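Heads up: the structure comes next, in structure tokens.
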Amino acid sequence: MKKRSGYVWHERYGWHDTGRGVTFLPWGDYLQPHEHVESADSKRRFADLVAVSGLRDELVEIRPRLASEAELLRFHTPAYLERLRTASLGGGGDAGELTPFGHGGYDTARLSAGACIELLEAVWQGRVDNGYALNRPPGHHAEADKGKGFCLLANGVLAIKHLQALHGARRVAVVDWDVHHGNSAQGAFYGESSVLTISIHQDRNFPPDSGHLHENGSGAGLGCNLNIPLPAGSGHEAYLLAFDRVVLPALARYRPEIIVVHSGFDASVNDPLGRMMLHSDSYRAMTQRLMAAADTLCAGKLAMFHEGGYSAAYVPFCGLAVLEELAGVRTAAADPFLPFYRDYPGQLLLPHQQAVIEQAAALVERIPTTH
Ligand SMILES: [Zn+2]
């Protein structure tokens, strides 16, 4: 069924400059200068495929804006923002850990956070049924006082705090399917029951020693943080079982008013920074499940924010599959890689993957139902 699906993209996202690097490291010593893996390519090509496929004509354009300093201060420290602002006026620098940015990077990051604020508000208010912000730089690793893992500002956290402050949101659920742990939302809401945070990621990839099963929330938020650290090599069946056994039961128990997805495509089989096996039909199936849950629980309210994904060739097709599902429109741009990736043997569920999923499933009953 066709939906009113919101979509954010801005040309300036392509201008965020991570400089020269060697995959995720700065160059130097014996590391010959090469390309930084977080370049504009995967996002711009995703946006181009959305346009060329004709899907963009079916979407409701939502314009991003610069997040204000007051909005950023809901999570970030004044000292961190001042450091970003000053460096951005010059040649840029590193926002913290492995987070290079160039001249003007602070404003591009504010435009990225502003995309998530605008989209989440549009979905909350029912101006669109659901939506996808194709924003850059990403946000799900950023901490209050420093950037981390290519993320300058905590886009998703800032958007949720905006919804809480201005619209009285009391129960927000976050599902992070980026291959890396969603430490930003986990850290921001760890002691609160007003946000349920669920991260499904590759076990101990990035950040190091983060995203364990036992990180389950604290105080009033005890039970409201779920991690599903899947073993490297997990594929289509493992991810869908994790949804059926953990993500969907957790959402049903929590009863969110709106569902936010931190959407990275670096769990795809083609990604240089992940060791997972997903293809476009996996992302399509996960989107279908979340849409069905949102229909049942919160009038379909579902907002997705772009995170990682570093295969410039394959991110566009995984992303298009998600947007097609959100909009209820199939284009003629079928995934040409799918016949290859779908039949890889690693797509089948393996016992050690199932064991982790069952451990995570046992945590669902710890989610408080009275909040
Ligand atoms: Zn990632």
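Indexing begins at 1, ligand by ligand and atom by atom, following the structure's order. Just so it is clear, the model here is predicted, and its values are computed rather than measured.
- When each of Arg65, Lys161, Arg110 is tested with Glu71 by the rule salt bridge (Lys or Arg N to Asp or Glu O under 4.0 Å), just one qualifies, namely Arg65.
- Per residue His180, closest N, O or S atom to the Zn ion (ligand 1): atom name ND1.
- Among the candidates Gln186, His212, His201, the single residue satisfying the side-chain hydrogen bond (donor to acceptor under 3.5 Å, both in side chains) test with His181 is Gln186.
- The atom of Asp266 nearest to the Zn ion (ligand 1) is OD2, with the search restricted to N, O or S atoms.
- Take the N/O/S atoms of Asp178: the one nearest the Zn ion (ligand 1) is OD1.
- In this structure, CG in Leu349 is found 8.5 Å from OG in Ser234, a value given to the nearest 0.5 Å.
- Ring centers of Tyr13 and His306: at least 6.0 Å apart, outside the cut-off.
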